[in-house]
Amino acid sequence: MVIDRDLIRYTLNWVVFGAIAGLFAPVASDNSKLQHLIWGLVFGVACGYAFTLLQNTFNMARNRKITWGIAAAIWLGFNFAFAGISI
């Protein structure tokens, strides 16, 4: 099934991105790098799932501009969501 293959590929890409971003995020005095890494992995899984769902729903032709628009919207939306959770 196409969704399964896409879900694995996109989620893996987002998880790697989230982990790298979590490792390079500035650490406040009460946080650790491990906590940033874990939140980065959770962020990657959430983004990967949402991206796959939107990509397979609204961009079946895999238009590059729409793909980047979806990626930017997902990244921005989940950054706001995760910032609200961590406050």
>> Using 0.5 Å steps for rounding, measure from the NZ atom of K33 to the CG atom of L23.
In response: 6.5 Å
>> Please find the pair of heavy atoms, one from L41 and one from A19, that lie closest to each other, and give the distance.
In response: CD2-CB, 3.7 Å
>> If you compare all heavy atoms of T11 against all heavy atoms of Y49, which two are closest, and at what distance to 0.1 Å?
In response: OG1-N, 3.9 Å
> Is it true that L76 and I70 fall in one hydrophobic cluster, defined by side-chain heavy atoms closer than 4.5 Å?
Replying inline: yes
> Which distance, rounded to the nearest 0.5 Å, do you find between the CG of N79 and the CD1 of I74?
Replying inline: 11.5 Å
> Looking at SG of C47 and CG of L54, how far apart are the two atoms once the value is rounded to the nearest 0.5 Å?
Replying inline: 11.0 Å
>> Could you report the tightest heavy-atom contact between F78 and A50, atom names first, then the distance?
In response: CE1-CB, 3.6 Å
> Which pair of heavy atoms, one from R62 and one from N59, lies closest together, and at what distance?
Replying inline: NH1-O, 2.8 Å
> Linking I/L/V/M/F/W/Y whenever any side-chain heavy atoms sit under 4.5 Å apart, do W39 and V16 land together?
Replying inline: no
>> With rounding to the nearest 0.5 angstrom, report the OG1 to CG distance, T52 to L7.
In response: 5.0 Å
> Where does the angle between the aromatic ring planes of F17 and W14 fall among parallel (under 30°), tilted (30 to 60°) and perpendicular (over 60°)?
Replying inline: perpendicular
>> Tell me whether M60 shares a hydrophobic cluster with L53, the cluster being built from Ile, Leu, Val, Met, Phe, Trp, Tyr side chains joined at under 4.5 Å.
In response: no
> Linking I/L/V/M/F/W/Y whenever their side-chain heavy atoms sit closer than 4.5 Å, directly or via other members, would F51 and F80 fall into one cluster?
Replying inline: yes
